[in-house]
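Below: the structure, in C-alpha cells.
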Amino acid sequence: MLYKELCEIYEELEKNPSRLAKTTILSNFLKKLKHEKNKEIIYLIQGKAFPDYSEKEFGISEQLCIKALSKASGISSKEIVNKWRKIGDLGKVAEEVMTKKKQNTLFSHKLTTEKVLDNLKKLPELIGKGTVDKKMSLISELLTSSSGIEAKYIIRILLSDLRIGVASGTIRDAIVESCLEKNEENTKAVQESYDKANDLALVFEKACKGIGSLNETELIPGHPLKVMLALKAESIQDGFERVGKPAVFEYKYDGFRMLINKDEKGKVKIFTRRLDEVTKQFPDVVKYIEENIDAKTFILDSEAVGYDPKTKRYKPFQDISQRIRRKYDIEKLEKELPVEINVFDVLYYNGKSLLNEPFQKRTELLRKIIKNKKYRIQSSHQLITDDEKKAEEFYKQALKDNQEGVMIKNLTAPYKPGARVGYMLKLKPAENEFDLVITGAEYGTGKRAGTLSSFTLSCYDKANDKFLEIGKASTGLKEKEEEGLSYTELTNLLKHLITHETGREVIVKPKIVVRIIYQNIQRSPTYESGFALRFPRITHLRPDRTPKDVATLKEVIEEYKRMELKIEY
DNA sequence: CGTGTCTGCCC
DNA sequence: ATTCTGC
DNA sequence: GCAGAATGGGCAGACACG
C-alpha cells in the first residue's frame, strides 16, 4: 500500500471530530486493509509499529526529531524549534519544511507503508556506539522520499503522538463495523479478544474470520494483560452510592502495579501496568510467589510497596521507583529497598479465566491460595462493610499506615482489563494548597499550540529575598475562557512580563500569583528550592496577593516535615 | 572515563 | 498521575 | 460516561562528547 493512501486517512480522521465519523472513515479503510497481506498497518493507525505487548522502543523523541528534520531540510535546529513554538506540532513543522524542500528538488512519489514499517522496525534493534547516526539515516531516508503530508505523519509516529483523535476504542468500533454486524455482542467480542491478545492486528485478522475466531482468543498466563483502572470517589458516602452496599474497602498502596503470572511451565513472570516485563528486577518477588502460592497457573493483580528494612516503615513511591527499571546491582537493591506485594485480585487460576467472575468470588479464592507473610506477600488489607463509620475508620488507618487512601469496590463486578470503571473507585484525602508565583512558562503543543501551557512556579526565600523554583503546573486550567481561568487568559496576563525566550520556554517577571493544589511535597534534585510538588494543579488566580505574599521556602520545608511525620492539625 | 542530554515509563 | 472536553 | 489529549515529578539506562 502506498503510504500516501494511509496519510489521506490520517488527514480525514484529524479533520473530523465526531467519533461516529471517525469510526466510519476507519471502517472503510479497514475494509480495504482486509485484502492486504500485511495487517500490521493497523499499528500505524495506533501511531506505533508494534503490538501493545511489545517492549520495543524507537529511542527517538522530540530532540532527535528536531535533529533529523534539520538534517533532512537543511534548516537549522534553532529555526525548527522556533517554528515548533509557533505551530506547536513537530509534525506540522515537518510538513512545512519538507514541502518547501520538495519544491526545489525533483522527487518521485513511491513511499510505501511497508517501507515505513520496515524502517521503523529497524530502529529498536540498533544498539551501541553510532546508534543515533544510524537512526538519523533511517529517518532521513523516509523524510527525503516523503511529501509534506507524509513527513508530518512520519514525525508524529516517531513521537508516538498521532493526534488524529483515534485510539483503541475507536479502532475497536471500526473493526466491528468493517468485519461484523454492528451490535453489542460483537463489540464485546472484539473488546474481549483485544483485552486478552493486546494486539490489534491479530484481533483484526480474527474479526475478518468471524465472531467464532474472536471468541477463541485465550487468556494465557505468562502473556501480559492490561490492568483495570479506577475512577475517583469524592467520599466514603459517594463510594457507597456508586458501588452499592455492602462494598469492599482495600488499602490504596503508594507503590506500583504488578501483574504476576505463573505460566504452564511453572515460570513466574511479572509485568507492569504498561505491559513491560520486570521479572528480572524482582527476584525477591519471584521467590515469594514460588514459596507462598500453591497453584499450577495463575494471573494476580497486585501493588508492590517499598519499606525500610530496618524500621519496617512503608516508603513513598519515589524511593522504590529505583527498582523498576534497574538492570545492575539488583541484588543490592533487593536488600536495601525490599518490597511487599499486596495482592488484590486473581484473574486466572489453574487453567481458567476468572475475568467474568464476580469480584467476591475472586477475592475469596485469592485469600485461600495465598499464604500471607507480612513484608513479603499478602492479600491486601480489606474490609467488607455497609457501615460508613467502619469504612471511615479503615480509611483513616490506611492514611496512618503511610498509604494513599482506599479503593472502594463492588462485590459483583467483573474484571475489565484496560478499562477505567465505575465499580472500582479510589479515595484520597483532600488536597494541600500553596499560593505560588509564576516565574516561567512554556508554549504548548497540539490543541494548546500558540498559548503558554505549562507554568513554572516559585516560592519565596525570605532570608535571601529570592524566588526559588518549586515545580511546574499545567493541568487545572480551562480550555475555554468562559469556564474560568483559561490558558489564553493566563497567557495574556504573562505576555508582557516575558524577559527571555529560548525555544519554547520563556522567563517572566514574578508577578502573577496562583493557587496550587497538590498531593505531596518531595525532595527534588531538579528544582532550586530543593523541593517539588507531586501532582500539582492550578485552581485559580490570586490577584489579591503580591509575589512576596506567596508560600515561603520556610513554609514549604515546614509542610514537608509535617507531611513526613503525618502530623494532623 | 566522567558528565550531560535524551528517552521511556513508573506514579 | 490529574484535568478538561467533545460526543 | 467514555475516549482522547495535554500536561506534572523523577527514576535508570543509553549514548554522545569532551
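Order of the sequence lines sets the chain letters (A, B, ...), proteins ahead of strands, with each chain counted from 1. FYI, side chains are in, hydrogens and waters are out, and symmetry mates aren't considered; it's all heavy atoms of this structure.
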Review point. Is the gap between the ring centers of Phe282(A) and Phe256(A) under 6.0 Å?
Key: yes
Review point. Could you state the CD1-P distance from Ile45(A) to dG4(D), rounded to the nearest angstrom?
Key: 13 Å
Review point. Considering heavy-atom distances to DNA chain D, does Leu533(A) or Arg326(A) have its closest nucleotide positioned more toward the 5' end?
Key: Leu533(A)
Check your understanding: At under 4.0 Å, does any side-chain N or O of Tyr328(A) touch on OP1 or OP2 of dA14(D)?
Key -> yes
Review point. Looking at residues at least two apart in the chain, or sitting in another chain, which of them share a side chain to side chain donor-acceptor pair (under 3.5 Å) with Glu501(A)?
Key: Arg85(A)
Check your understanding: For DNA chain D, what residues of residues 121-131 of chain A have any heavy atom nearer than 4.0 Å?
Key -> Ile127(A), Gly128(A), Lys129(A), Gly130(A), Thr131(A)
**Study point:** DNA chain C: 5'-most and 3'-most nucleotides touching chain A, 4.0 angstrom heavy-atom criterion
**Key:** dA1(C) to dC7(C)
Review point. When the ring planes of Phe50(A) and Phe58(A) are compared, do they come out parallel, tilted or perpendicular, using 30° and 60° as the limits?
Key: tilted
Point to revise | Check ion pair Arg163(A)-Asp161(A) (N to O, under 4.0 angstrom) | key: yes
Review point. For Gln322(A) and dA12(D), is the shortest distance between a side-chain N/O and OP1 or OP2 below 4.0 Å?
Key: yes
Exercise for review: Describe the nucleic acid contact of Tyr527(A) in one word from base, sugar-phosphate, nothing, applying a heavy-atom distance below 4.0 Å.
Suggested key: sugar-phosphate
**Study point:** Rounded distance (Å) that lies between atom C1' of dG13(D) and atom CD of Gln281(A)
**Key:** 11 Å
Point to revise | Pairing of Glu433(A) and Arg537(A) as salt bridge, 4.0 angstrom limit | key: no
Review point. Any idea which of dC11(D), dA3(D), dC15(D) is nearest the Gln318(A) side chain?
Key: dC11(D)
Exercise for review: State which residue, out of Leu90(A), Leu64(A), Ile139(A), fulfils the side-chain contact (heavy atoms from CB on, under 4.5 Å) condition with Leu158(A).
Suggested key: Ile139(A)
Exercise for review: Give a yes or no answer on whether the side chain of Thr451(A) reaches the backbone of Thr488(A) with a donor-acceptor pair at less than 3.5 Å.
Suggested key: no
Review point. Tell me, which pairs form a side-chain hydrogen bond (donor to acceptor under 3.5 Å, both in side chains) where one or both residues lie in residues 251-260 of chain A, sequence neighbours left out?
Key: Tyr251(A)-Asp401(A), Lys252(A)-Glu404(A), Tyr253(A)-Asn342(A), Asp254(A)-Arg534(A), Arg257(A)-Asp301(A)
Review point. Rounded to the Å, how far apart are Leu162(A) CG and dA5(D) P?
Key: 9 Å
Review point. Atom CZ of Arg19(A) and atom P of dC2(D): how far apart are they, to the nearest Å?
Key: 11 Å
Review point. Rounded to whole angstrom units, what separation is found between the CG atom of Asn16(A) and the P atom of dG4(D)?
Key: 15 Å
Practice item. Produce a footprint string for nucleotides 3-11 of chain B: one letter per nucleotide, 5' end first; B if the base is under 4.0 Å from any protein heavy atom, S if only the sugar-phosphate is, - if neither. Key: ---SSBSBB
Check your understanding: Whole-Å distance between dA5(D) P and Asp161(A) CG?
Key -> 7 Å
Check your understanding: Whole Å only: how far is the CD atom of Glu469(A) from the C1' atom of dG8(D)?
Key -> 14 Å
Review point. Touch check for Arg172(A), heavy atoms < 4.0 angstrom, all strands: base, sugar-phosphate only, or nothing?
Key: sugar-phosphate
Review point. OP1 or OP2 of dA6(D) sitting under 4.0 Å from any side-chain N/O of Arg163(A)?
Key: yes
**Study point:** Residues touching DNA chain D, which here means a heavy atom under 4.0 Å, drawn from residues 440-459 of chain A
**Key:** Gly444(A), Thr445(A), Gly446(A), Lys447(A), Arg448(A), Ser453(A), Ser454(A)
Point to revise | Tyr560(A)/Phe531(A) aromatic ring centres below 6.0 Å | key: yes
Point to revise | Value in whole Å for how far the C1' atom of dG1(D) lies from OH of Tyr423(A) | key: 13 Å
